[in-house]
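Take a look at the structure set out below.
Counting begins at 1 with the first residue of the sequence. Read the numbers this way: they start at 1 and go in the same order the structure lists the ligands and their atoms. In what follows, every heavy atom counts, from backbone to side chain, and hydrogens, waters and symmetry copies are set aside.
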Amino acid sequence: MTEQNTKKLFERLSKTIVPTHYDLTIQPFLETFKFDGNVTIDIQVNESTDAVILYAAELKIHQATLASKSKDELKGKVELDEENERLKVTFDKQLEKGDYQLSLKFSGEITDKMVGFYRNKYTTPDGKEIRYGASTQFEPSDCRRAFPCWDEPNFKATFDVTLIAPKHLRAISNMPIISEQEFAENKDWKLTKFDRTPVMSTYLVAYVVGEYDYVETKDSNGVSMRVYTPVGKKEHGKFALDIASKVLPFYAEYFNIKYPIAKADQIAIPDFAMGAMENWGLVTYRDTALLIDPKLSSINSRQYVAIVVAHELAHQWFGNLVTMDWWTDLWLNEGFASWIEYLAVDKCYPEFDIWTQFVADTFASFLIPDALKSSHPIEVPIGHPAEISEIFDHISYSKGSSVIRMLHDYIGDDAFRKGLHNYLKEYSYKNTTTVNLWSHLAKASNKPVDEVMSSWTLQMASGYPLITVHEEQHSNKSRVLKLSQQRFIADGSADDENLQWKIPITIFTKSNPKAVTKQILMDKPEVTVTLDNVSEDDWVKLNYNSIGLYRVKYESKALARLQEPIANKTLSPQDRLIIQNDVAALCNAGHQSFVDYLELLLSYKEEDNFTVWKAIASTIGDLSSLLEYTDYFDQFKAYRLKLFSSIQQKLGWDAKENENPLIAMLRPMVLSLMGRSDDQAIIDEATKRFKKHLAGELIDPNIRGTVYGLVSRYGNDTTQEELRKLYDAADMTEEKVRLLRAMGQTIDGNAIEKVIKFVFDGDHVRMQDSYIGLVSCASSRTGRDIVWKYLQKNWKALVERFGEMSNFLVTFVDGTLSDFVDEKLADDIQAFFDATNTAIVTRAVKQVAETIRMRADVMKRDSKAIAEYLTQQ
Ligand code: BES
Ligand code: ZN
């Protein structure tokens with residue numbers, strides 16, 4: 001069925017019947033992977049009818065009855081529409097308007113698909129025995145796989161959850177336990193009742209059974225907080241608990257609204273598809289997003305945990321208390337949380353200088369996919385919730401949060417907070433849409449928020465503008481700039497649609513480098529700006545701190561002037577890092593030659609900021625993967641060595657005492673880049689340290705991944721064997737992930753084949769981590785070929801195993817194939833996936849093909865000049 005068709009056919013449930021309360025009992029059987037359930041739903045019938053329609057999927061319904069106020073009980077006839085996941089209960093009497101209770105007895109399977117109510121596999125602390133638990137993942141629309149319900153975000157209700165589970169297991173849900181007693185039918189089981197939830201959407205319901213330890217505390221407002229960990233690892237929960245206990249009160253104060261539940265728990269689930277899920281009162285995580293080993297975790301992992309926790313806790317208000325009316329507004333939920341997570345981490349951990357990292361990670365990461373013709377607007381009309389997976393991407397998250405950041409800057413923090421508070425208050429326990437937020441922010445700020453924002457979020461607005469700066473004339477002490485806007489398209493093609501934006505633009509100059517000289521709202525294709533009192537040779541830069549969503553193209557003289565404030569670091573790191581990023585993009589688009597980019601990078605030689613280097617590493621990484629297909633790759637590696645040598649010498653191999661965390665993150669990155677550029681001294685040192693590591697002298701976790709990666713790349717079969725052994729022996733997922741990433745970095749074809757086997761065959765790698773291995777395998781030219789062959793041969797099996805709606809499939813495609821440079825392969829890839837008919841990867845395939853074609857063009861256009869430049873160096 002085509003996308004169009006599903007959209008047309010899909011209809012949301014009507015509001016003629018609305019649920020107000022669910023009384024739910026679930027009994028899981030972990031030996032047979034089945035569960036029994038019972039639910040009694042209080043419903044209001046608003047129009048007379050003889051049937052009730054709700055959602056259910058993959059459930060067996062054993063009985064349906066309806067009770068009215070007068071208590072007469074009606075037996076219902078049950079019909080399941082598997083395709084549309086609907087359950088229809090028909091009665092032989094007409095139901096008049098009024099209140100009823102619908103009771104359903106049902107059962108289902110505890111699957112291994114990581115959605116609905118699904119199983120988790122774990123071992124006893126000694127690693128000897130395999131055990132199972134079960135947990136839920138309902139967003140966006142898998143609650144219906146666990147119990148029949150009105151599974152749409154705007155059918156909010158309260159929930160009383162009861163779990164019946166073996167006594168030795170913990171039973172945990174959104175709310176605190178109100179009673180726990182022996183289960184009358186079996187004394188080895190217990191019946192755990194949880195307090196009633198606030199009025200909320202079905203996708204936020206959660207329950208977990210399994211063996212867990214925990215650490216706990218209370219936040220400054222008295223909210224009880226626990227972090228549940230695997231048995232024997234409660235120490236690993238302390239870091240997240242500490243963050244959560246700071247972040248939760250921070251939000252309560254920022255929003256000026258109390259957290260409404262008596263407890264806020266977080267739990268590491270052994271098998272988990274995503275990073276984390278914000279279930280109200282019980283946030284679930286994959287363990288690398290929550291657990292920190294005080295001795296063995298890297299700083300990078302700590303930062304990631306801080307970010308994820310801050311993200312999910314923001315949803316407790318923005319998402320849970322106030323919820324989008326429909327999935328079309330998912331971007332707002334996710335974009336907002338992806339912005340405010342930085343605000344919270346910055347408050348609690350200023351040493352991460354996290355806003356600078358926002359520009360390198362979040363801002364810069366949407367600029368690339370959003371420049372593709374195959375991009376999509378932030379707000380996408382969503383018919384069937386199955387279409388959600390498609391927008392669970394960089395556009396919703398990174399562009400969404402960048403848009404919020406721009407808006408926050410445009411109206412200022414006071415107005416933003418005030419408007420936000422009013423919005424959250426008005427829609428508490430209700431549903432809403434994006435425009436309602438804009439109108440509150442407009443009211444609070446007296447600025448035309450709606451008008452400005454719609455050009456960034458609405459349905460026609462794919463992409464973002466390129467501002468071209470043309471200097472018109474010089475007079476004494478005044479400069480005249482002509483700015484023009486047009487959509488920036490990655491491969492340089494013209495924008496047929498002629499899209500235009502309302503762009504808040506800032507300009508600053510050498511004479512006052514730490515403040516904005518001029519601010520305008522550009523709402524025309526072209527504007528002329530006069531800068532007074534700016535000398536003829538002063539540099540001029542647009543987009544102070546990279547807040548606006550646009551790229552800038554300067555004339556070559558103007559770009560050359562920016563080299564000085566890059567080199568002497570007058571510009572902020574945010575500004576420094578984006579200049580090279582913009583230039584690289586302009587080179588890809590054919591506006592400039594990559595020779596200009598390589599020249600420009602030399603002004604960063606004495607750079608010492610982690611985030612600026614991270615941004616450079618990313619752009620130069622793209623170029624590297626291109627030049628790997630040339631016969632002058634060695635010369636490129638020599639260039640790269642020169643670029644990074646100064647910072648590498650400063651940093652060395654070993655951490656200094658009380659070192660800034662950013663330095664601890666910079667070191668491994670630089671070592672890795674130097675090593676991969678064939679720096680023999682670094683390769684030797686890595687080999688030496690790896691040997692010692694195997695002998696028990698453990699490598700500092702901050703550089704461990706780098707060492708593993710280098711020995712994998714430059715080692716042999718024995719090394720691979722050693723990495724695999726370490727993998728199997730490791731009992732921390734963070735360590736396993738480091739090893740898996742490293743394994744894929746070998747450039748030996750046979751070894752790559754073995755890594756792929758290791759990832760998908762046998763019991764070594766959890767399904768949740770397999771993409772990490774596969775993506776890593778595709779990071780080299782040799783590996784990419786092998787992965788592509790693997791995908792062609794095994795696609796059907798992968799779809800079967802992961803489920804045709806699985807987001808993992810998207811990552812298998814866009815995480816592995818974009819770095820080819822052969823147009824013919826772009827065609828092959830497109831043809832192959834067109835034939836497989838896997839709807840979920842349609843957009844990813846388009847993006848991959850477009851990227852490959854762009855890279856092929858760059859190669860044709862620039863290769864000769866780059867070769868010449870590099871040989872002269
Ligand atoms: N609510 C999302 C998870 C989600 C989104 C589930 C859409 C189903 C459909 C959650 O808040 C989230 O965004 N998780 C991120 C982590 C975050 C730090 C970006 C994830 O899982 O990667
Ligand atoms: Zn989120």
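- Separating the CG atom in Asp151 from the CD atom in Glu139 is a distance of 10.5 Å, to the nearest 0.5 Å.
- Summarising the local packing, NZ of Lys263 is surrounded by more than 12 heavy atoms from other residues, nucleotides or ligands at distances under 6.0 Å.
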Enumerate the pairs of nitrogen or oxygen atoms, one from ligand 1 and one from the protein, separated by less than 3.5 angstrom; state names and distance to 0.1 Å.
| from | atom 1 | to | atom 2 | distance (Å) |
| --- | --- | --- | --- | --- |
| ligand 1 | 1 (N) | Glu139 | OE1 | 2.7 |
| ligand 1 | 1 (N) | Glu278 | OE1 | 2.6 |
| ligand 1 | 1 (N) | Glu278 | OE2 | 3.3 |
| ligand 1 | 1 (N) | Glu334 | OE2 | 2.8 |
| ligand 1 | 11 (O) | Glu278 | OE1 | 2.9 |
| ligand 1 | 11 (O) | His311 | NE2 | 3.2 |
| ligand 1 | 11 (O) | Glu312 | OE1 | 2.8 |
| ligand 1 | 11 (O) | Glu312 | OE2 | 3.1 |
| ligand 1 | 11 (O) | His315 | NE2 | 3.0 |
| ligand 1 | 13 (O) | His311 | NE2 | 3.0 |
| ligand 1 | 13 (O) | Glu334 | OE1 | 3.0 |
| ligand 1 | 13 (O) | Tyr397 | OH | 2.7 |
| ligand 1 | 14 (N) | Ala276 | O | 3.2 |
| ligand 1 | 14 (N) | Glu312 | OE2 | 3.2 |
| ligand 1 | 21 (O) | Gly275 | N | 2.6 |
| ligand 1 | 21 (O) | Ala276 | N | 3.2 |

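- Qualifying ring-ring contact (aromatic ring centres under 6.0 Å, His included) partners for Tyr342, counting only residues two or more places apart in sequence or in other chains: Trp355, Phe358.
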Would you be so kind as to tabulate the donor-acceptor pairs closer than 3.5 Å made by side chains of residues 806-817, with sequence neighbours excluded?
| from | atom 1 | to | atom 2 | distance (Å) |
| --- | --- | --- | --- | --- |
| Ser806 | OG | Phe808 | N | 3.0 |
| Thr811 | OG1 | Asn807 | O | 3.4 |
| Thr816 | OG1 | Phe812 | O | 2.5 |

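- In this structure, His315 and His311 have perpendicular ring planes: the angle between them is above 60°, well past the 30° mark.
- Here the protein contributes His311 NE2, His315 NE2, Glu334 OE1 as N, O or S atoms under 2.8 Å from the Zn ion (ligand 2).
- Ring planes of Tyr349 and Phe239: tilted class, angle from 30 to 60°.
- Under the 30°/60° scheme for interplanar angles, the aromatic rings of Phe336 and Phe416 are found to lie parallel.
- Relative orientation of the Phe392 and Tyr397 rings is perpendicular, given thresholds of 30° and 60° on the angle between their planes.
- A tilted orientation is assigned to the rings of Tyr429 and Trp280, their planes being inclined by 30° to 60°.
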